[in-house]
Peer 1: 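After the structure tokens below, expect a handful of questions from me.
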Amino acid sequence: MGLQLLEDQAESARALLAPEVLSYYDAGAGDEVTRVESEPAWAGFRLRPRVLRDVETVSTATTAAGVALAHPVGVAPMAFHALADRDGEVATAQGAGRSGALLVLSTRSSRSLEDVAAAASGPWWFQVYVMKDRRLTESLVRRAAAAGAGALVLTGDTPYVGLKRRVSGTRLAVPDDHFLVNLAAHAVPGQSITAQRAAAEQDPAVDLSTIRWLAEVSGLPVLVKGVLRGDDAVACLEAGASGVVVSNHGGRQLDRALPSALALAEVAGAVAGRGAVLVDGGLRSGTDVLVALALGADAVLLGRPVLWALASGGADGVAACVGAVRSHLEHVMALAGACRLDQLGPDLVVAPRAPG
Ligand SMILES: Cc1cc2nc3c(=O)[nH]c(=O)nc-3n(C[C@H](O)[C@H](O)[C@H](O)COP(=O)(O)O)c2cc1C
């Protein structure tokens with residue numbers, strides 16, 4: 001399912017990556033029910049195209065959280081890109097820039113955020129895990145703001161890292177210099193590496209008040225990632241969020257969580273234009289993106305396809321991956337009778353019928 005180029009890149013990555021890296025990237029949590037359901041959930045929707053609408057010129061231009069974008073296909077935050085490519089997130093940023101994609105950089109990047117910022121030629125946002133040592137988080141988001149991040153994306157679905165059967169423990173045993181690349185500079189003199197890593201783990205006591213705190217210390221808009229319910233989206237907005245990312249973390253956190261495709265309409269309806277709505281999880285083609293935009297997303301993020309693209313083709317691979325999804329989006333927009341994104345609305349889609 002999905003675009004041929006993305007499937008080819010995934011196949012090459014499978015042949016190139018070390019088995020433990022492949023398992024870490026690919027794995028879902030628990031029985032992997034959510035990971036497996038994420039892609040087909042988009043294909044469950046049916047389209048109601050319009051005819052004779054002059055679609056000779058199609059534009060994918062949009063804005064998300066006040067940022068002007070050439071198209072709505074961005075890169076999701078993912079840890080440790082240097083396991084896929086020597087240049088890691090620096091190469092990802094180059095590829096994203098070449099293809100006009102918004103990049104969301106992970107707290108757990110394996111290249112420093114300043115190096116990535118220097119390589120970025122387009123908009124980038126910084127994903128935040130609030131760590132047990134709040135001082136670390138504060139320093140990091142101040143650095144992200146100083147380096148040019150346009151927004152913070154606070155991940156809300158990871159009080160603890162989800163257990164994955166295909167990975168021993170919760171995450172691959174990455175070297176300390178990968179895990180701490182953004183953090184070592186803030187270590188207390190004499191602090192052991194073990195203590196540094198412990199301080200950098202997620203703080204499970206994070207709550208909604210963190211949204212305003214992050215906005216204050218960084219001066220940046222804050223979006224909350226991992227929202228799957230309309231009432232939660234409203235709670236985040238009321239607590240100061242500028243938007244939400246509908247996501248189940250690629251099925252890597254709470255197994256049996258709803259596929260993003262089935263949560264999006266409720267969340268977009270609850271947000272009702274009062275903030276940005278992005279979505280990720282299982283998007284693999286322009287048609288998937290078309291459905292997401294029709295259901296109310298302002299933009300989408302691609303996860304694993306970017307890692308496969310990076311592993312198989314470096315920065316060029318990432319640019320090709322995003323470019324393929326974008327041009328497929330243009331194609332299916334035209335076939336659906338839409339030449340601008342503001343012409344995509346819920347009337348374009350028919351939701352899958354609930355079982356029983
Ligand atoms: C290897 C890997 C690492 C990830 N690391 C992070 C992370 O550091 N922060 C975060 O918010 N989400 C992380 N995610 C989740 C992604 O941002 C995104 O929600 C998910 O991958 C989208 O689904 P897809 O892979 O089906 O496109 C990670 C996902 C993968 C596959």
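Both ligands and their constituent atoms are indexed starting at 1 by order of listing. In this text the structure is predicted, and so the values were computed from the model without any measurement.
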Peer 1: Indicate if Trp42 and Leu47 have the same hydrophobic cluster label, given that clusters are the connected sets of ILVMFWY residues with side-chain heavy-atom separations under 4.5 angstrom.
Peer 2: yes
Peer 1: For atom 18 (C) of ligand 1, grab the closest protein heavy atom and report residue, atom and distance to one decimal in Å.
Peer 2: Asp280 OD2, 3.2 Å
Peer 1: What protein heavy atom sits nearest atom 5 (N) of ligand 1, and how far off is it?
Peer 2: Ala79 N, 3.1 Å
Peer 1: Do the charged groups of Asp255 and Arg35 touch, with an N to O distance under 4.0 Å?
Peer 2: no
Peer 1: Below 3.5 angstrom, do we get any N/O pair linking Ala76 and ligand 1?
Peer 2: no
Peer 1: So which heavy atom in the protein is nearest atom 12 (N) of ligand 1, and how far is it from that ligand atom?
Peer 2: Lys225 NZ, 2.9 Å
Peer 1: Considering only non-hydrogen protein atoms, determine which one is nearest to atom 31 (C) of ligand 1 and report residue, atom name and distance to 0.1 Å.
Peer 2: Tyr25 O, 3.3 Å
Peer 1: Output yes when the distance from some N or O of ligand 1 to some N or O of Tyr24 is under 3.5 Å, and no in every other case.
Peer 2: no
Peer 1: Any N or O on His249 sitting closer than 3.5 Å to an N or O of ligand 1?
Peer 2: yes
Peer 1: With respect to Leu302, determine whether any N or O atom, backbone or side chain, lies less than 3.5 Å from an N or O atom of ligand 1.
Peer 2: no
Peer 1: Considering only non-hydrogen protein atoms, determine which one is nearest to atom 16 (C) of ligand 1 and report residue, atom name and distance to 0.1 Å.
Peer 2: Pro77 O, 3.4 Å
Peer 1: Show the atoms of ligand 1 that are less than 4.0 angstrom away from any heavy atom in Ser247.
Peer 2: 19 (O)
Peer 1: Parallel, tilted or perpendicular: which describes the rings of Trp124 and Phe126, with under 30° parallel and over 60° perpendicular?
Peer 2: perpendicular
Peer 1: Only heavy atoms of Ser106, strictly under 4.0 Å: list the atoms of ligand 1 that pass.
Peer 2: 7 (C), 8 (O)
Peer 1: Looking only at protein heavy atoms, which one is nearest to atom 30 (C) of ligand 1, and what is the separation?
Peer 2: Arg252 NE, 3.5 Å
Peer 1: Ignoring hydrogens, just give me the one of Arg35, Glu39, Arg284 whose non-hydrogen atom is nearest atom 26 (O) of ligand 1.
Peer 2: Arg284
Peer 1: Of the side chain and backbone of Leu307, name the one, both, or neither that has a heavy atom under 4.0 Å from an atom of ligand 1.
Peer 2: side chain
Peer 1: How far is atom 9 (N) of ligand 1 from the closest protein heavy atom, and which atom is that?
Peer 2: Tyr129 OH, 3.0 Å
Peer 1: Tell me whether Glu216 is salt-bridged to Arg212, with the criterion being a basic N under 4.0 Å from an acidic carboxylate O.
Peer 2: no
Peer 1: Charged N to carboxylate O under 4.0 angstrom, Asp26 versus Arg166?
Peer 2: yes
Peer 1: For the CZ atom on Arg256, are there more than 12 heavy atoms of other groups (residues, nucleotides or ligands in this structure) within a distance under 6.0 Å?
Peer 2: no
Peer 1: Should Glu114 and Arg143 count as an ion pair when the cut-off is N to O under 4.0 Å?
Peer 2: yes
Peer 1: Sequence neighbours excluded and cut-off under 3.5 Å, please list the side-chain donor-acceptor pairs for residues 80-91, or say none.
Peer 2:
| unit_1 | atom_1 | unit_2 | atom_2 | d |
| --- | --- | --- | --- | --- |
| His81 | ND1 | Thr92 | OG1 | 2.8 |
| His81 | NE2 | Met78 | O | 3.0 |
| Asp85 | OD1 | Asp87 | N | 2.7 |
| Glu89 | OE1 | Ser110 | N | 3.1 |
| Glu89 | OE1 | Ser110 | OG | 3.1 |
| Glu89 | OE1 | Arg111 | N | 3.2 |
| Glu89 | OE2 | His81 | N | 2.9 |
| Glu89 | OE2 | Ser110 | N | 3.0 |
| Glu89 | OE2 | Ser110 | OG | 3.4 |

Peer 1: Looking at Glu138 and Arg142, does any basic side-chain N land under 4.0 Å from a carboxylate oxygen?
Peer 2: yes
Peer 1: Side chain, backbone, both or neither: which part of Met78 comes within less than 4.0 Å of ligand 1 when only heavy atoms are counted?
Peer 2: both
Peer 1: Could you tell me whether Glu11 atom CD has more than 12 heavy atoms of other residues or ligands within 6.0 Å of it?
Peer 2: no
Peer 1: Please state whether Phe80 comes within less than 4.0 angstrom of ligand 1, counting heavy atoms only.
Peer 2: no
Peer 1: Which option wins on minimum heavy-atom distance to atom 27 (O) of ligand 1: Gly281, Gly303, Ser260, Gly250?
Peer 2: Gly303
Peer 1: Which ligand 1 atoms are under 4.0 Å away from a heavy-atom of Thr155?
Peer 2: 10 (C), 11 (O)
Peer 1: Check Asp347 with Arg50, please: is the shortest side-chain N to carboxylate O separation under 4.0 Å?
Peer 2: yes
Peer 1: Can a salt bridge be assigned to the pair Glu39 and Arg284 using a cut-off of 4.0 Å between side-chain N and carboxylate O?
Peer 2: yes
